[in-house]
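What you see is a predicted model; the values in this text were computed from it and never measured.
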Amino acid sequence: MVYDEFLNGGIGIGRFTMGAYDDFSSTKLSQDRYDVYVNQDYVGQKYLLTAQESVSDIDDFLRNEGISDFQSVVDGDHYHIKALGNEHKVADVLKVYLQNR
């Protein structure tokens, strides 16, 4: 029975096509990426390589570095950080963080 379904285009169809006829329009071809700005100055790109990562990980990193005087907002694929204190320190710390990720 299974063999008959296989020969007639049943359950076996697609096993040997290796996805050649699949619709790729909904397939994720690359990771998510955000352009990161500090006070409107571009500092780098944040790539989300796993499903557990989030662009808000940047906020957690800054807080771990002792920087808490900032606000952040996502705008499409841009992540804007408004440094309320020393913007140069925030930008420098983020450049290193983004280059190492």
Side-chain angles (χ1 to χ4, degrees):
M1 171 121 188
V2 172
Y3 186 73
D4 291 338
E5 289 176 5
F6 172 75
L7 290 177
N8 294 324
I11 62 170
I13 194 132
R15 286 188 187 180
F16 300 105
T17 63
M18 304 204 45
Y21 302 107
D22 293 346
D23 177 19
F24 290 107
S25 63
S26 63
T27 304
K28 184 176 175 181
L29 297 177
S30 65
Q31 66 274 7
D32 292 333
R33 176 190 52 83
Y34 291 89
D35 293 328
V36 180
Y37 297 84
V38 174
N39 293 4
Q40 299 180 359
D41 292 329
Y42 176 79
V43 293
Q45 295 179 330
K46 168 70 173 164
Y47 291 92
L48 305 182
L49 303 176
T50 67
Q52 293 77 25
E53 287 186 289
S54 168
V55 72
S56 65
D57 292 344
I58 293 173
D59 295 353
D60 296 336
F61 173 77
L62 288 174
R63 288 187 191 97
N64 287 338
E65 292 295 312
I67 301 169
S68 59
D69 201 17
F70 67 92
Q71 298 171 342
S72 58
V73 65
V74 175
D75 180 24
D77 64 350
H78 294 130
Y79 196 65
H80 297 279
I81 297 172
K82 182 177 179 184
L84 306 173
N86 186 352
E87 75 178 80
H88 296 292
K89 179 181 178 183
V90 174
D92 290 342
V93 167
L94 279 179
K95 284 178 185 177
V96 172
Y97 169 75
L98 296 172
Q99 288 176 0
N100 290 332
R101 293 285 165 183

>> Return the CZ to CG distance between Phe61 and Leu98, rounded to the nearest 0.5 Å.
In response: 8.5 Å
> With no hydrogens and no angle check, is any side-chain donor or acceptor of Asn39 less than 3.5 Å from a backbone partner on Ala83?
Replying inline: yes
> When rounded to the nearest 0.5 angstrom, what distance separates CD in Glu87 from CD1 in Ile67?
Replying inline: 12.0 Å
> If every non-hydrogen atom of Leu48 is compared with every non-hydrogen atom of Val55, which pair is closest and at what distance?
Replying inline: CD2-N, 3.7 Å
>> Hydrogens and angles aside, do Asp59 and Tyr79 bring a side-chain donor and acceptor to less than 3.5 Å of each other?
In response: yes
>> Contact between Val73 and Gln71 at the side-chain level, heavy atoms closer than 4.5 Å - yes or no?
In response: no
> CG/Leu94 to CD1/Ile81 distance, rounded to the nearest 0.5 angstrom?
Replying inline: 4.5 Å
> Are Tyr47 and Gln45 linked by a side-chain donor-acceptor pair shorter than 3.5 Å?
Replying inline: yes
> For the residue pair Tyr34 and His78, is the inter-centroid distance of their aromatic rings smaller than 6.0 Å?
Replying inline: no
> Do the non-hydrogen side-chain atoms of Tyr97 and Leu62 ever get within less than 4.5 Å of each other?
Replying inline: no
> Going by an N to O cut-off under 4.0 Å, is there a salt bridge joining Glu53 and Lys46?
Replying inline: yes
> Stepwise, does the side-chain contact (heavy atoms from CB on, under 4.5 Å) test hold for Val93 with Lys95?
Replying inline: CA-CA 6 Å; Val93 167; Lys95 284 178 185 177; over 6 Å; no
>> Checking the side chain of Asp92 only, and the main-chain atoms of Lys89 only, is there a donor and an acceptor separated by less than 3.5 Å?
In response: no
> Do you reckon Val74 sits in the same ILVMFWY cluster as Tyr37, going by side-chain contacts under 4.5 Å, direct or chained?
Replying inline: no
> Roughly how far, to the nearest 0.5 Å, is the CG atom of Asp41 from the NE2 atom of His80?
Replying inline: 11.5 Å
